[in-house]
K.L.:
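Sending over a structure as structure tokens; questions will come in a sec.
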Amino acid sequence: MLIQTLCSLLAVNSAWAQSSTLAAYIASQSPLAKAGIVIASPSNVNPDYLYTWTRDSAVVFQTIIDQYTLGLDTTTRGEIDNYVASQVIIQQVSNPSGTITTGGLGEPKFNIDETAFTGAWGRPQRDGPALRSNALITWANYLLKENNATYVTNTLWPIIQNDLNYVSQNWNQSTFDLWEEVDSSSFFTTAIQHRSLRQGVTLANAIGKTSVVSSWTTQAENVLCFLQSFWNTAGYITANTGGGRSGKDANTVLASIHTFDAAAGCDALTFQPCSDVALSNLLTYVNSFRSVYSLNSGIANNQAVATGRYPEDSYQGGNPWYLTTLAVAEQLYDSLIVWKAQGSLQVTSRSLPFFQLFDSSVTAGTYASTTSTFTTLTTGVQNYADGFVEVVAKHTPSDGQLSEQYSKTDGSQLSAVDLTWSYAATLTAFDARAGVVPASWGAAGLTTTCNAPSGGGGGGGGGSGTVAVTFNVFATTVFGQNIYICGSVDALQNWDPNTALLLSSAGYPTWSITVNLPASTSIQYKYLNIEGSTIIWESDPNMEITTPASGTWIENDTWR
Ligand code: NOJ
Ligand code: NOJ
């Protein structure tokens with residue numbers, strides 16, 4: 001049923017357009033969608049979603065490809081082929097973000113006739129190429145098993161390589177987040193980029209394209225390191241380094257489900273769904289909506305509620321979204337899959353508040369599947385997860401149509417009708433509930449030397465005060481050039497080169513600046529050499545410091 005809805009939405013110019021006068025009107029007013037193009041929603045006014053987003057399209061096709069390759073629905077091969085063909089074209093379309101070689105792959109959306117969208121928009125959005133390559137690599141891995149290496153090498157690999165070279169070269173540049181609003185570094189984008197580079201390396205090795213392996217591996221390690229810096233010792237993942245909000249955001253829950261790898265168990269380094277960090281984060285995220293939607297009033301703390309993008313959201317009224325409410329259920333179903341497979345479940349000091357929802361007397365420890373505590377907790381999690389699906393079901397009209405949002409006061413449908421991503425989110429949540437395990441991507445057994453939230457409760461940083469940090473960098477420049485700094489926290493302008501901080505040249509060739517930075521925090525930064533509009537970044541990897549708990553700190557660097 002759902003997959004048929006998805007497929008009829010793909011073909012908006014044929015079956016869908018004939019099915020209603022509104023759609024016929026849309027088709028007459030707008031360019032026709034090319035084959036394989038995913039339309040975000042047929043809504044063409046308030047909001048106008050009659051475009052194809054790289055993100056939405058990849059999420060939809062990751063779902064369709066997972067369904068196909070896991071043998072759940074093999075009717076869609078033609079659609080997958082069309083998607084591949086459409087992305088070959090879309091990648092080459094020069095657009096306001098650039099050409100294929102100058103950043104055009106970061107363009108968030110295109111017209112449905114595969115031409116560039118040239119209006120103002122939050123660009124670039126660097127999750128798109130990573131999500132697309134993840135979907136295509138899943139497809140490639142399946143085809144290799146089918147002995148179709150020629151198609152993988154000749155058709156899929158060139159698309160994947162374009163995307164992953166882009167990810168490898170640009171992951172540490174600022175990006176608009178998946179909600180197209182905040183220009184900084186974003187957990188979802190970083191987590192997806194990490195997965196994409198790891199999968200890319202494995203595929204490259206499998207088909208003998210080894211020239212990319214060393215640089216992609218190095219960058220994957222850097223990305224994994226940077227990913228750790230989003231953890232906030234207040235018990236959640238801060239979604240964006242910029243934005244000036246609480247940072248509690250479905251961004252992080254979506255990242256966890258879209259990087260689920262059952263082989264990695266409850267690994268905290270990759271924020272697996274059942275990791276203590278991801279469960280603590282889920283609880284914080286869910287609870288942030290209890291008081292902001294009247295739809296949620298009077299619901300007990302251990303019961304599911306409607307959730308949206310982030311509690312401060314005001315877009316289209318700032319309501320709950322189907323896809324975010326379903327994502328909570330999916331993270332919990334993914335967790336149950338792992339706990340059942342490993343025959344035990346661990347409660348840590350970080351995940352204790354989450355597990356106390358289901359057993360107020362539970363304490364930290366490891367509970368084997370033979371214990372009554374395991375049964376109590378997993379039954380509780382299952383019921384809690386089902387509750388989120390029930391919230392969605394309760395606010396789904398009888399015809400099954402799913403828009404983007406449902407009202408925070410009465411649950412009625414709002415914003416874009418027939419949002420393709422809403423249907424994909426339903427399918428993946430149902431699959432996870434049924435115990436379907438998506439293919440592994442290589443999250444198991446990774447390590448990092450960075451300050452990580454994993455490994456026995458330490459690390460992570462995020463003390464309350466600030467410390468004065470002096471950055472001295474030895475850098476020779478020519479007249480007209482100046483040295484700037486930016487980095488991963490607000491005080492370092494969240495990686496935005498346009499607002500980077502100018503250092504003093506009073507001690508030239510040593511340039512200097514003193515900045516108040518959060519205490520006990522792992523912070524990444526780079527120096528920039530800027531002359532007019534020419535910005536030269538230091539080479540990779542990012543520089544990193546962990547600030548002291550108090551006092552001051554002097555950091556002496558040399559330009560690289
Ligand atoms: C349109 C984007 O699609 C949406 O995510 C955003 O919230 C609004 N613009 C407001 O900036
Ligand atoms: C707005 C959402 O915030 C964004 O994530 C999505 O890509 C577009 N709408 C299109 O669905």
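Read the numbers this way: they start at 1 and go in the same order the structure lists the ligands and their atoms.
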K.L.:
Do the two ring centres, one from H194 and one from W441, sit under 6.0 Å apart?
P.N.:
yes
K.L.:
Taking the six-membered ring where the residue is Trp, are the ring centres of Y322 and Y423 under 6.0 Å apart?
P.N.:
no
K.L.:
Output the distance between atom CH2 (W139) and atom OH (Y83), rounded to the nearest 0.5 Å.
P.N.:
13.0 Å
K.L.:
Any idea which of E404, R309, Q316, K109 brings a heavy atom closest to atom 3 (O) of ligand 2?
P.N.:
R309
K.L.:
Can you tell me which portion of Y49 lies within the under-4.0 Å heavy-atom range of ligand 2? Options are side chain, backbone, both, or neither.
P.N.:
side chain
K.L.:
Would you say ligand 2 has an N or O under 3.5 Å from any N or O of W421?
P.N.:
no
K.L.:
Would F187 and F271 satisfy ring-ring contact (aromatic ring centres under 6.0 Å, His included), going step by step from the backbone distance to the final call?
P.N.:
CA-CA 11 Å; F187 183 79; F271 297 88; 5.0 Å; yes
K.L.:
Measure from the ring center of Y51 to the ring center of F110 and say whether it is less than 6.0 Å.
P.N.:
no
K.L.:
Would the distance check show the side chain of D48 and the main-chain N or O of L50 forming a donor-acceptor pair, the cut-off being under 3.5 Å?
P.N.:
yes
K.L.:
Please classify the W53 to ligand 2 contact at 4.0 Å (heavy-atom distances, strictly less than): side chain, backbone, both or neither.
P.N.:
side chain
K.L.:
Heavy-atom distance to atom 11 (O) of ligand 2: which of L323, V59, D56 wins?
P.N.:
D56
K.L.:
Heavy-atom contact under 4.0 Å between E181 and ligand 2?
P.N.:
no
K.L.:
What atoms of ligand 2 come within less than 4.0 Å of a heavy atom belonging to L178?
P.N.:
3 (O), 4 (C), 5 (O)
K.L.:
W321 versus ligand 2: do any nitrogen or oxygen atoms come within less than 3.5 Å of each other?
P.N.:
no
K.L.:
Has T420 got any heavy atom lying under 4.0 angstrom from an atom of ligand 2?
P.N.:
no
K.L.:
For ligand 2, which atoms, with element, lie under 4.0 Å from some heavy atom of L419?
P.N.:
11 (O)
K.L.:
Just checking W321 against W421, ring centres under 6.0 Å apart?
P.N.:
no
